Amino acid sequence: MDKIGIAVLCSGGGTNLQAILGAAEAGLLPDGEIVLVVADSPSAYALTRAARYGIETAVFDRALLARGEREQRIAELLTERKIGLVVLAGFMTVLSAAFVKRFEGRIINVHPALIPSFCGVGMYGLHVHEAVLARGVKVTGATVHYVTEECDGGPIIAQKAVEVKAGDTPETLQKRVMREAEWVILPESVEAVCKKLRG
Ligand code: GAR
């Protein structure tokens with residue numbers, strides 16, 4: 001079977017996208033190929049990162065398109081490009097049940113905490129790290145999981161713990177969680193899922 005065609009959906013900086021691109025460049029993604037990067041904002045820096053690698057990009061602007069319309073157009077493009085795996089890498093829109101059903105078992109997400117802690121509706125980006133610091137936990141981390149219609153509720157693929165340090169701010173903690181956990185387990189999980197899908 002051909003390599004699994006991967007689409008990465010992003011909203012912002014795209015450092016997780018960069019981690020997957022770097023893994024692919026280093027030969028660590030033998031079972032998949034990143035063929036499309038989708039953003040829901042034209043200013044997402046992830047688009048610049050993708051363009052540098054000559055990867056097709058598409059923008060479905062959340063400021064201009066309602067969620068239903070946006071999802072419909074994204075789904076059509078994913079189908080047209082024969083995408084086998086959808087990776088949510090800092091994609092800040094919760095997908096509808098209908099979208100998730102259409103790509104069942106083929107959507108994964110990276111979350112910047114150890115699910116089931118600090119997850120669910122409203123828990124995204126820096127808010128997660130703010131909540132971690134407010135609660136005073138000493139260990140946090142990241143999770144990669146399959147996406148189901150329950151927000152952050154799908155089966156877990158990989159997790160990695162990260163120490164919370166005295167004096168951390170949400171920003172310093174976010175950076176450590178990305179560097180030590182997200183950028184490690186996301187590319188590994190992408191390859192593991194592609195390998196499994198390839199059979
Ligand atoms: C990452 O920390 C990712 O885990 C988080 O947003 C950041 C995106 O950074 N995603 C969520 O909070 C989703 N619930 P990036 O654009 O640099 O990859």
Side-chain angles (χ1 to χ4, degrees), residues 6-24 29 34 36-53 55 57-60 62 67 71 74 85-96 99-100 107-135 139-164 168-190:
I6 301 166
V8 185
L9 275 52
C10 306
S11 296
T15 65
N16 278 288
L17 165 67
Q18 187 67 55
I20 307 168
L21 290 167
L29 188 47
I34 306 160
L36 178 65
V37 170
V38 171
D40 58 5
S41 157
S43 59
Y45 189 65
L47 295 166
T48 306
R49 296 182 192 272
R52 271 192 211 134
Y53 285 77
I55 291 167
T57 59
V59 180
F60 299 96
R62 70 179 160 219
R67 188 178 85 162
E71 279 195 353
I74 294 173
L85 178 66
V86 179
V87 180
L88 308 185
F91 190 62
M92 298 308 182
T93 307
V94 176
L95 295 167
S96 70
F99 186 98
V100 171
I107 315 178
I108 67 172
N109 177 52
V110 61
H111 182 75
L114 293 174
I115 290 174
S117 292
F118 306 105
C119 66
V121 177
M123 278 290 175
Y124 60 88
L126 270 183
H127 299 303
V128 176
H129 307 291
E130 284 162 6
V132 163
L133 291 175
R135 184 62 186 84
V139 176
T140 183
T143 303
V144 178
H145 63 93
Y146 284 102
V147 174
T148 61
E149 51 183 281
E150 186 193 342
C151 180
D152 294 331
I156 290 171
I157 300 164
Q159 289 188 304
K160 193 163 189 286
V162 173
E163 192 188 346
V164 180
D168 262 337
T169 63
E171 290 78 11
T172 61
L173 184 57
Q174 179 183 53
K175 198 76 209 228
R176 188 174 321 109
V177 168
M178 284 176 157
R179 200 177 49 237
E180 293 183 9
E182 296 185 47
W183 301 342
V184 177
I185 62 173
L186 183 60
E188 286 175 0
S189 299
V190 170

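Just so you know, ligand 1 is whichever comes first in the structure, and atom 1 is the first atom listed for that ligand. Predicted, not measured: the structure shown is a model, and the values here were computed from it.
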Short question: side chain of [X], backbone of [Y] - any donor-acceptor pair under 3.5 Å?
{"X": "Glu182", "Y": "Val110", "result": "no"}
{"X": "Lys160", "Y": "Glu180", "result": "yes"}
{"X": "Thr57", "Y": "Leu47", "result": "no"}
{"X": "Glu71", "Y": "Ser96", "result": "yes"}
{"X": "Ser189", "Y": "Ile185", "result": "yes"}
{"X": "Arg49", "Y": "Gly13", "result": "yes"}
{"X": "Thr140", "Y": "Val162", "result": "no"}
{"X": "Asn109", "Y": "His145", "result": "no"}
{"X": "Ser11", "Y": "Met92", "result": "yes"}

Under 4.0 Å, counting heavy atoms only: does [X] come that close to any atom of ligand 1?
{"X": "Val110", "value": "yes"}
{"X": "Met123", "value": "yes"}
{"X": "Gln18", "value": "no"}
{"X": "Cys10", "value": "no"}

Flag for Gln18-Tyr45: side-chain donor and acceptor within less than 3.5 Å: no
Any N or O of [X] that comes nearer than 3.5 Å to an N or O of ligand 1?
{"X": "Gly14", "result": "yes"}
{"X": "Thr15", "result": "yes"}
{"X": "Asp152", "result": "no"}
{"X": "Phe91", "result": "no"}
{"X": "His129", "result": "no"}

Gly125 neighbourhood, listing ligand 1 atoms whose heavy-atom distance to it stays under 4.0 Å: 11 (C), 12 (O)
Could you tell me the residue and atom name of the protein heavy atom closest to [atom], and the distance to it rounded to 0.1 Å?
{"atom": "atom 6 (O) of ligand 1", "result": "Met92 CE, 3.2 Å"}
{"atom": "atom 14 (N) of ligand 1", "result": "His111 ND1, 3.5 Å"}
{"atom": "atom 8 (C) of ligand 1", "result": "Gly90 CA, 3.6 Å"}
{"atom": "atom 1 (C) of ligand 1", "result": "Glu182 OE1, 3.2 Å"}
{"atom": "atom 11 (C) of ligand 1", "result": "Pro112 CD, 3.7 Å"}

Proximity to ligand 1 by part of Met178, non-hydrogen separation under 4.0 Å: side chain
